[in-house]
Structure formats: structure tokens, C-alpha cells
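To start, the structure under review is shown below, and the notes come after it.
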Amino acid sequence: MASEDSKLTPEIEGGDRASLRHSLLGPSLLKAGQDKVDQKKVGEIIYNASKGSKFFKHEERRDQQLTKRIEIIQRRKKHLESLDLSSQIRRVDEEIAASEASRDLSQIIVHVDCDAFYASVEELDRPELKEVPMAVGGGVLTTCNYKARGFGVRSGMAGYIAKQLCPQLVFLPLSFHKYTAKAEEIREILVKYDGRYEAASVDEAFLNITGYLEDHRDTTPDKVVEQLRREVLEHTKISVSAGIAPNARLAKVASNQNKPNGQFRIPNDREAVMHFMRTLPVRRVNGVGRVFERELDAVGVRTWGDVFALRGILSKLFSKKAWSFLLNSYLGLGRTCIHPVAEYERKSLGTESTFKDLSGPGPLRDKLRSTAQELERDLLAANLAGRTITVKVKLHTYQVHSRQKALHRVISSAEDLYNHALPLLQELEGEFQPFKIRLMGLRVTQLSSTRKGTGKMNFFKNLPQSIEGEAEWEAWPEGSLDGLLSSGHLSQEVQDEEQLAIEEALNASLNMPARDTPQDPSPPPKMVLKERWECPICARSLPADDAVFNEHVDFCLSRETIREVVQESAGVRLVKEPERKKDAKARPGRPGSKHGGMDSYFPKLQ
DNA sequence: GCGGATCAC
DNA sequence: TATGGTGATCCGC
């Protein structure tokens with residue numbers, strides 16, 4: 001039935017469930033240390049250990065859903081094959097030529113990746129653990145050492161399954177402070193090679209060593225990275241792997257090539273890059289996960305080289321973004337600008353937790369209250385408030401649902417969070433019954449800083465917040481700022497442009513750096529002048545009182561005033577707008593999360 | 001703007 | 001006994 005002899009799903013109807021087994025193996029199949037593992041046997045154990053559980057049933061449903069989607073893709077592919085695609089292929093070839101013209105081979109980018117980081121740190125404290133299979137984490141493993149990987153144990157695996165694969169597995173609890181402290185030691189070394197290195201997570205970083213090489217003409221990229229790794233190992237006793245390449249995407253792939261404790265270079269040479277990509281399995285590139293891998297496999301794309309032969313069809317089969325991602329990856333293109341994480345802006349903040357199945361109005365409200373309190377704490381610590389709130393639940397069946405609402409003002413207090421989230425939770429409860437949940441989460445987006453005088457126009461967005469009760473609606477009799485800015489016929493880019501323009505103009509009048517300007521972690525709030533605040537519009541000195549100040553700013557910011565500000569600074573902006581680096585698959589998981597992830601369960605430092 | 005899905009770590 | 005948490009992006013509506 002499947003038109004392609006897909007290696008991942010040789011028989012979709014056979015009842016053998018190869019794709020499901022593959023999916024149950026987990027997301028970290030390409031991790032190092034698995035070469036000598038009997039994947040078939042491991043898959044069998046995992047499959048049998050999972051069978052019957054609610055989790056398994058959910059995975060089954062998901063797998064069937066994906067299988068259906070794939071059948072649709074294959075039908076569309078069949079149809080495309082019957083068409084004459086020569087003109088489409090011509091267009092794609094022009095696209096390739098244009099991308100090719102933008103290829104930048106002038107930079108030397110390094111990706112540094114610690115080997116089994118948490119496990120290695122634990123082994124420093126207790127060297128005897130090096131000799132036995134060991135994992136960090138409980139219900140779900142955060143990471144494990146290479147001895148454990150020899151048994152098929154991996155990060156992200158349920159603890160009880162790991163125990164079946166390896167009964168003698170030693171479990172250690174997470175000790176966050178140890179990992180962050182060690183990460184800081186490593187970064188002290190990285191900074192010597194690139195003062196503007198980019199921490200991608202606790203245990204990963206990108207460096208641009210082009211400058212370093214210019215200052216040290218008598219050496220080579222490989223030698224520099226060997227030295228860097230040696231220095232890290234000597235000073236911190238942590239072994240790291242590294243990839244050296246002309247851009248971040250390739251460097252990341254390369255760092256996985258000789259793991260653990262190795263390095264690999266993809267030369268800054270077009271032929272070498274293309275040659276490397278041609279046989280590289282698609283899954284090795286960031287952005288291709290389990291699902292995309294299956295979809296690509298189903299249409300005959302296993303390695304990046306396959307993309308070229310199928311370019312006519314692929315460009316019609318997938319979305320514009322997805323196609324551009326495929327094309328750039330095939331060409332081995334990627335971003336070359338590396339800079340500190342501090343220069344990114346957080347877009348959402350949330351908290352969620354898993355627990356024993358919960359139901360009933362009382363327990364649900366209690367859980368919502370504690371979740372709201374947790375989020376309040378985090379928002380307070382980050383000096384943020386949000387204008388959109390999202391409630392997320394995972395049912396006892398593992399189905400995830402969410403309800404969100406954009407509010408008329410920003411909120412951050414536990415009380416506000418709770419009050420706005422409750423109706424959303426009740427909506428979910430009404431829709432999905434029986435409403436037994438195993439996870440609840442709260443998240444806010446449309447963030448603005450609650451710090452006075454920082455970049456985000458907070459005096460504006462926070463305005464209604466400081467006016468209690470019904471009066472908040474009267475603060476903007478003619479509608480919100482959003483209504484003013486989004487006039488409907490403007491493209492999103494244009495609207496973003498205006499938003500930036502306003503912010504910049506206001507920042508300028510405040511004598512503050514614009515929000516994208518590199519700056520120290522917390523610039524001094526120049527707006528606060530000893531019990532007097534200065535209006536950013538008319539420069540009048542005002543009493544340091546939120547309500548009075550906001551009311552005055554409200555007055556000053558009449559529509560006419562805003563229009564002038566926008567028009568004036570928009571012109572300037574267009575001229576000095578720096579060319580944006582666009583990267584099809586933008587960079588997920590940006591700013592400091594409370595828990596980084598599986599292999600990096602930790603907030604980003606700095 | 002909303003909700004689901006995917007991905008990384 | 002019993003499969004995580006945080007954040008981002010994309011797609012289709």
C-alpha cells in the first residue's frame with residue numbers, strides 16, 4: 001500500500017506496529033552510546049513494559065493519527081508525480097541559486113556539548129559511579145552515564161522501564177546547584193575563546209572563534225578546539241565534545257559526530273559541506289523530530305541528499321516554511337551570528353505540574369490556586385506581567401487541551417491569575433468528561449516588564465493595572481492601544497514596525513537604550529528621580545505615584561501624539577534597520593527556563 | 001487571536 | 001508501582 005518502501009514503517013497495516021515501537025523508543029535515539037545496543041531487543045522490552053498502560057494507549061492513538069496524515073501526504077505525492085513539474089523545478093533551482101549566493105563561509109563556528117553532563121558531574125563527587133550504570137532523575141530519567149546507555153537506557157525514559165532494561169541501574173536525585181556551578185566553571189573557559197559566546201542550554205554553547213583565530217595566526221581551528229576541550233577537562237574534569245563548522249546548524253550536527261569526548265570539523269568549503277550533508281540522515285538536524293522524520297521517510301527522504309532529487313515535489317508538498325527549512329538544510333546553510341542569550345526577549349512564562357489524577361470542583365480549584373501562586377512567584381522574580389493567560393490540562397488519558405484568553409490589561413498577581421483562569425478551566429471541564437486530569441499548567445504571554453523605566457513601554461501597558469475596579473475600563477474610552485495600532489489592512493510586519501517605532505521613540509525620549517540594544521543585565525532606571533518621575537512625553541516632573549503618573553501619561557499620549565511619534569521615528573527606523581538574520585527554523589527554547597530540559601534541566605545562567 | 005501539534009533541551 | 005517541565009514556533013482555522 002505504501003508507495004515508498006519506507007524503512008521506518010515497512011507495514012502499516014501488518015499489526016506489527018513498527019512505527020509505534022519506533023516512537024516508544026523515545027526521542028533520543030540518535031544519542032551517542034547506543035551503537036552496541038540491540039535496539040530490537042530494547043524495543044521489545046519497552047513495548048511489553050508499556051503495553052496496556054494509559055500512556056501506551058495514548059501513544060497508540062497518536063500513532064494512528066500520524067499514520068493517517070502520512071497516507072494523505074502520500075496521496076498528494078502521487079498526485080504531484082502525475083503532473084509536469086518542470087517549471088516548478090526551474091523555480092526551485094532559482095531559489096537554490098539565490099540561497100547559494102547568500103552562503104557565508106567566512107566564519108568558524110564551534111558548538112560545545114558536555115558529555116552526559118549531569119551524570120558526569122555526579123561522577124566527580126562519587127567516582128565509583130563511573131563503573132556502574134547510573135541515571136539521574138526519578139519517574140522520568142533526566143540523563144544517564146554511558147555504562148547505562150549500553151543497556152539501552154536513555155534520557156527521557158520512564159524510570160521503571162529503565163529498571164527493566166537494567167535492574168542494577170543506580171538512580172540519583174537531581175542536584176541543580178551542582179550542575180549550575182559546574183556549568184559556570186566551564187563558561188569561564190569558553191569566554192576566553194569568544195567573549196560573546198552563546199549559551200544554548202546549561203551544557204551546550206556556541207562560539208564564534210573567527211576573531212580568536214585572527215589573533216592567533218599560527219594555529220588552526222582543530223587545534224584551538226582541542227586546546228579548548230583540554231583546558232575544560234583539566235580545569236573542570238568534565239569532558240566535552242565539539243563541532244567546528246561554517247555555521248551553527250552544521251556545528252551542532254558535527255558536535256554529535258564524535259561523541260563522547262571527541263570533535264569533528266566540517267571545513268569551510270562548499271563541496272565539503274554538500275558532501276557531508278548528502279548522506280546525513282535527516283533526523284540529525286535540529287528541527288527534525290520523530291514526526292517529521294516519519295513524514296519525510298514516507299515520501300522517500302532519508303538523508304539530506306534525497307531532498308534534491310525530490311525538490312519539485314517537496315516544494316509543493318510541504319509548507320513554505322518547511323520547504324525553506326528543507327532546502328537550507330540540504331544546502332548546509334545556517335546562521336553565523338552568535339551572541340549572548342541575554343539579548344533575546346522572553347515571550348511567555350508559565351508553570352505546570354503533574355500529579356495523581358484529580359477531579360471535582362474543590363480539588364481543581366485548590367490546584368489552580370497553588371498553580372497561580374507559583375506563577376505569581378515566577379512573574380515577580382522576573383519582573384513581568386502578562387496580558388494573555390492560558391490554562392493547560394492533561395487528561396487522565398494523556399490528551400492535552402488548553403484554553404487561552406487575551407485580557408484587556410496585564411496581570412501578575414495570584415488572585416488575578418486565578419480569577420481569569422477559573423472560567424477557562426471550567427470551560428475545559430464542561431467540554432471533556434469525565435474531567436480527570438493528571439497535569440495542570442498556567443502560562444502568560446504578551447509580556448511586559450513591571451520594572452519602571454525599562455524598554456517595554458510598561459508604563460503604557462501597565463496603565464490599567466494600577467487603576468482598581470471598574471475604572472480600568474474608563475482609562476481607555478476609545479479602545480485599547482491594540483485597536484489603535486492594528487488597522488487591519490496593514491501587514492503584520494508593518495504593525496511590528498510601528499510597535500517598534502513607538503517603543504523606540506518613547507525609549508529615546510526617556511533617554512533609554514532601545515530594547516534590542518546590548519546592555520547590562522539591569523540598566524539603572526533613569527526615570528526614577530528621587531521621588532519625582534519625569535513624563536516621557538512632555539518631560540514634566542511628576543510625583544512618584546503610579547496612579548498619578550499613569551493618568552498623566554495617559555493624557556499626554558493622545559492619538560495625535562502617538563501618530564506623530566510613529567511617523568517621525570518610523571522614517572529613521574527604516575533607514576537604520578539592520579538586516580535581519582533569518583533562519584527558517586527559528587531558535588526554540590530561548591530564554592532561561594526554570595528547567596532547561598532533559599539533558600539540561602536547568603535555568604540558563606547569566 | 002485560538003487551539004493543537006511538534007520540537008528542543 | 002504506573003512516562004516531565006519550560007518555552008518557542010508553526011499551521012489551520
Side-chain angles (χ1 to χ4, degrees), chain A residues 24 26-28 31 46 49-56 58-59 62 65-66 69 113-114 117-118 137-143 155-164 174 199-204 252 283 285-295 318-322 324-325 344-357 374-375 378 387-388 390-392 394 396 398-406 424 427-428 431 438-447 482 486 492 583-604:
Chain A
L24 284 169
S28 56
K31 288 264 154 107
I46 295 176
S50 307
K51 200 157 51 183
S53 67
K54 286 180 176 175
F55 177 79
F56 180 88
H58 179 250
E59 288 297 303
R62 274 186 39 167
Q65 209 178 322
L66 177 56
R69 235 173 63 196
D113 197 339
C114 302
F117 185 52
Y118 292 4
V140 171
L141 305 186
T142 299
T143 190
S155 63
M157 183 176 274
Y160 80 98
I161 290 187
K163 196 104 194 175
Q164 291 192 26
L174 290 152
S201 69
V202 241
D203 65 335
E204 274 179 47
K252 169 88 176 138
R283 186 71 153 79
V285 169
N286 246 332
V288 180
R290 279 181 286 180
V291 172
F292 202 14
E293 180 189 33
R294 261 195 75 188
E295 292 178 351
F318 292 105
S319 72
K320 210 175 161 180
K321 293 253 171 172
S324 136
F325 167 75
Y344 294 96
E345 229 183 303
R346 175 197 281 281
K347 295 187 173 150
S348 79
L349 199 162
T351 179
E352 66 186 60
S353 61
T354 298
F355 34 76
K356 284 181 61 182
D357 285 0
E374 170 89 28
L375 183 52
D378 296 347
R387 206 177 73 81
T388 297
T390 305
V391 178
K392 168 181 169 183
K394 195 189 279 178
H396 67 290
Y398 286 86
Q399 284 166 14
V400 175
H401 296 284
S402 66
R403 287 293 176 273
Q404 76 181 80
K405 185 161 174 54
L424 299 175
E427 196 183 314
L428 286 162
E431 198 165 337
R438 70 188 326 278
L439 173 146
M440 184 185 289
L442 274 185
R443 174 166 300 274
V444 290
T445 50
Q446 303 261 83
L447 300 178
D482 293 338
S486 43
Q492 189 58 51
D583 207 353
K585 213 70 175 186
R587 319 121 60 55
R590 204 36 35 181
S593 51
K594 235 182 341 187
H595 307 291
M598 220 54 235
D599 259 319
S600 59
Y601 214 81
F602 230 64
K604 244 150 246 134

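In the set C:dT3, C:dG7, C:dA8, C:dG7 carries the atom at the smallest distance from any side-chain atom of A:Arg443. Closest contact between the side chain of A:Asp203 and the listed nucleotides C:dA8, B:dC9, C:dG4 involves B:dC9. Listed nucleotides B:dA8, C:dA8, C:dG5 differ in distance to A:Leu439; the shortest reach to its side chain belongs to C:dG5. For A:Ala158, taking side-chain heavy atoms from C-beta onward, the closest of the listed nucleotides B:dC7, B:dG1, C:dT3 is C:dT3. Ranking C:dG5, C:dA8, B:dT6 by closeness to the A:Val291 side chain, first place goes to B:dT6. If you check B:dG4, C:dT3, B:dG1 against the side chain of A:Ser53, the one that comes closest is C:dT3. The side chain of A:Thr354 lies closest to C:dG4 when the candidates are C:dA8, B:dG4, C:dG4. Considering only the side chain of A:Lys252, B:dC9 comes nearest among C:dT3, B:dC9, C:dA8. Out of B:dT6, C:dT6, C:dG4, the shortest distance to the side chain of A:Val140 is found at C:dG4. Across B:dC2, C:dT9, C:dT3, the shortest atom-to-atom separation from the side chain of A:Arg438 is found for C:dT3.
The nearest whole Å value for the distance from the CD atom in A:Glu352 to the P atom in C:dG5 is 6 Å. Across the protein-nucleic acid pair, A:Asp357 atom CG and C:dT3 atom C1' stand 13 Å apart, rounded to whole Å. If you measure from atom CG of A:Leu349 to atom P of C:dG7, you get 5 Å, rounded to the nearest angstrom. Taking atom OH of A:Tyr118 as the reference point, atom C1' of C:dG5 lies 12 Å away to the nearest angstrom. The distance from atom NZ of A:Lys356 to atom P of C:dG4 is 16 Å, rounded to the nearest whole Å. Straight-line distance from the CG atom of A:Leu447 to the P atom of C:dA8: 8 Å, rounded to whole Å. A straight line from OH of A:Tyr160 to P of C:dT1 spans 11 Å, rounded to a whole angstrom. As a whole-Å value, the separation of A:Arg290 CZ from B:dA5 C1' is 13 Å.
Here A:Ser50 lies in heavy-atom contact (under 4.0 Å) with a base. Among the protein residues, A:Lys163 comes within range of no part of the nucleic acid, since none of its heavy atoms lies under 4.0 Å from any strand. Here A:Lys54 lies out of heavy-atom contact (under 4.0 Å) with every strand. Backbone-only contact: A:Gln65 has heavy atoms under 4.0 Å from sugar-phosphate atoms and none from a base. When heavy atoms are screened at a 4.0 angstrom cut-off, A:Phe56 is found touching no nucleic acid atom at all.
For C:dG5, the OP1/OP2 oxygens have no side-chain nitrogen or oxygen of A:Ser353 closer than 4.0 Å. Between A:Arg387 and B:dG1, a side-chain N or O to OP1/OP2 separation shorter than 4.0 Å is present. A:Arg403 has a side-chain polar atom (N or O) that falls below the 4.0 Å cut-off from OP1 or OP2 of B:dG3. The shortest distance between the side-chain N/O atoms of A:His401 and the OP1/OP2 oxygens of B:dG3 is not below 4.0 Å.
The residue from A:Leu141, A:Asp203, A:Val202 that alone fulfils the side-chain contact (heavy atoms from CB on, under 4.5 Å) condition with A:Tyr118 is A:Val202.
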Give every pair of a protein N or O atom and an N or O atom of nucleotides 11-13 of chain C that lie under 3.5 Å apart, one pair per line with the distance.
residue, atom, partner, partner atom, Å
C:dC11, OP1, A:Ser319, OG, 2.3

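Remark: A:Tyr160 pairs with no residue by the ring-ring contact (aromatic ring centres under 6.0 Å, His included) rule, at least two apart or across chains. For A:Arg69, the side-chain hydrogen bond (donor to acceptor under 3.5 Å, both in side chains) test picks out A:Glu295, with sequence neighbours left out. In this view, A:Thr388 and A:Gln404, A:Ala406, A:Thr445, A:Gln446 satisfy the side-chain contact (heavy atoms from CB on, under 4.5 Å) rule, not counting sequence neighbours. Residues passing the salt bridge (charged side-chain N to carboxylate O under 4.0 Å, His left out) test with A:Lys394: none are found, sequence neighbours excluded. Every residue meeting the side-chain contact (heavy atoms from CB on, under 4.5 Å) condition with A:Lys163, not counting sequence neighbours, appears here in chain and number order: A:Phe171.
A residue-by-residue look at A:Tyr398 and A:Lys392 shows that A:Tyr398 has its nearest nucleotide of DNA chain C further toward the 5' end. Comparing A:Arg69 and A:Glu204 by the nucleotide of DNA chain B whose heavy atom lies nearest to each, the residue mapping closer to the 5' end is A:Arg69.
Going from the P atom of B:dA8 to that of C:dT3 covers 24 Å, rounded to whole Å.
Between the base of C:dT6 and the side chain of A:Thr351 there is no donor-acceptor pair shorter than 3.5 Å.
Counting heavy atoms from C-beta on, the side chains of A:Ile46 and A:Met157 come closer than 4.5 Å.
Across all non-hydrogen atoms, the minimal contact from A:Val400 to A:Lys392 is CG1-CE, 3.8 Å. Of all non-hydrogen atoms in A:Leu447 and A:Lys347, the two that sit nearest each other are CD1-C, 3.7 Å. Taking both residues in full, the closest heavy atoms of A:Arg283 and A:Pro27 are given as NH2-O, 3.1 Å, listed atom of the first, atom of the second, then distance.
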